[in-house]
There are 2 protein chains.
Amino acid sequence: MMIPGSDKVDELIAHMAPGALAALENISVTRTFAKGSFLLRQDETARKSYHILDGIARRYYLDGDREITTAFFFADDLALAFDSYILQRPGREFVQCITEVTASVTDYQAFEAAKQKYPDLLRFDLLLTELYAVWLEERLFEFHTCNAEQRYRTLLDKDPHIVLQVPLKYIASYLGISLETLSRIRARI
Amino acid sequence: MMIPGSDKVDELIAHMAPGALAALENISVTRTFAKGSFLLRQDETARKSYHILDGIARRYYLDGDREITTAFFFADDLALAFDSYILQRPGREFVQCITEVTASVTDYQAFEAAKQKYPDLLRFDLLLTELYAVWLEERLFEFHTCNAEQRYRTLLDKDPHIVLQVPLKYIASYLGISLETLSRIRARI
DNA sequence: AACAATATTTGACCTGGATCAAATATTATA
DNA sequence: TATAATATTTGATCCAGGTCAAATATTGTT
């Protein structure tokens, strides 16, 4: 989930109205989740967002009995089943901790209320959503223009921490490649 | 660009502060563009958004000499090279009118200023961006889980107006299918 | 209507990457 | 350190959908 232009986020935070950030912190609690535990399961409605402080999580859904990973979340990322959270209705995605995870947990309703009070939080939310959409566009672009090896090389180049810290089986479906083909790509690189 | 939960947009607009919508209209001008003309070209920075009132536009980029269409815009859609607009830097995408197009054109800077003044416009922008991200997620989902025929059937089912009004060559790359394969799919359905 | 340009279909052939199956590593646990 | 469980690699085979080429429709223009 490394995102281009992330420095814009820091800049926006730095210029927030005094109360805004405090309000966000007031409605958030830091919690720790065991490795393998689920922050959200299929068919549930995402009522919390998880700002990862430490550890790694992944998001996936089932295509038949096959798990398709759609995102990895590292420190500072916002772990979320986006569509379920936005539409506040049950979704298809799971969010699971790959390692033990510590996260700042914020309730949807409470954040909505805070945004009503502090337009800066609204701006903050907008910027994060914009960057997420840009990231999604980039992902679609790669699937349309790059073959399996190029997609793996790009991941290696732009997100080496994923390749270094996440089991290959998760990376394969994230790249839209079978486990076997990804293994062969690695062998010949 | 048909988006789930679009009724939320109407609801939000209905409850806007009095001045907000008027402010948006004040910074917008309605213009007409000839069929085939470009609202944006590759390597330009998108400094305007185009709220389509009538006609059809498409967005695409070049992969070598091959055009990859990434969106179609019909009446009420917001025609935009999203990443270029958001990051305010040159992008790879073209936005071209497939028919004569009438659109309400809004300047990026002017809209940013209006959002500073009217938080309701901020909310409006956020909602549109959220729905766009959900739409992108859905598109990625389809590419991961559906074969060529299923993707075409889904388009036919969810966006029949596209299939009815847009040349096949544009639809093919939009679905990530070669023109020939799409033609064969249509023949056997 | 006749011609040119553009769009769509059809045919033949090929390949990237999937699937199925089995062999090795690697890691975790008693 | 064994043993089980999990992860990764390697081999053999197959096919959805791509590419190249050519035949038809269809549409626009004089």
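All values derive from a computational prediction rather than experimental measurement. Just so we're on the same page: letters track the sequence lines, and every chain starts at 1.
- For A:Leu40, the side-chain contact (heavy atoms from CB on, under 4.5 Å) partners at least two apart in sequence or on another chain are A:Glu44, A:Ala46, A:Ala81, A:Val95.
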Below 3.5 Å between N/O atoms, which protein atoms pair up with nucleotides 17-22 of chain D? Just atom names and distances, please.
| residue | atom | partner | partner atom | Å |
| --- | --- | --- | --- | --- |
| D:dG17 | OP1 | B:Ala148 | N | 2.9 |
| D:dG18 | OP1 | B:Gly176 | O | 3.3 |
| D:dG18 | OP2 | B:Ser178 | N | 3.1 |
| D:dG18 | OP2 | B:Ser178 | OG | 3.0 |
| D:dG18 | OP2 | B:Thr181 | OG1 | 2.9 |
| D:dT19 | O4 | B:Arg184 | NH2 | 3.4 |
| D:dC20 | N4 | B:Glu180 | OE2 | 3.2 |

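- The interatomic distance linking B:Arg186 (CZ) with D:dT26 (P) rounds to 12 Å, in whole Å.
- Distance CD1 (B:Ile171) to P (C:dT8): 8 Å, rounded to an integer number of Å.
- With rounding to whole Å, A:Tyr152 atom OH is found 15 Å from C:dG17 atom P.
- Using a distance-only test at 3.5 Å, with no hydrogens or angles considered, a donor-acceptor pair links the side chain of B:Asp107 to the main chain of B:Ala110.
- Among the candidates A:Tyr174, A:Tyr61, A:Phe143, the single residue satisfying the ring pair (Phe, Tyr, Trp, His ring centres under 6.0 Å) test with B:His144 is A:Phe143.
- Of the N and O atoms on the side chains of B:Arg47 and B:Gln88, at least one donor lies less than 3.5 Å from an acceptor on the other residue.
- Between B:Glu137 and A:Tyr132, the side chains place a donor N or O and an acceptor N or O closer than 3.5 Å (distance only, hydrogens not considered).
- Atom pair B:Ile98:CD1 and C:dT6:P shows a separation of 16 Å (rounding to whole Å applied).
- The nearest whole Å value for the distance from the CG atom in B:Leu168 to the P atom in C:dT10 is 12 Å.
- One can place CG of A:Leu175 at 12 Å from P of C:dG17, the figure rounded to the nearest angstrom.
- Ring planes of A:Phe94 and A:Tyr60: parallel class, angle under 30° (limits at 30 and 60°).
- Atom P of nucleotide D:dT27 and atom NZ of B:Lys35 are separated by 11 Å, given to the nearest angstrom.
- For the pair A:Lys169 NZ and D:dT8 C1', the interatomic distance rounds to 11 Å; values are reported in whole Å.
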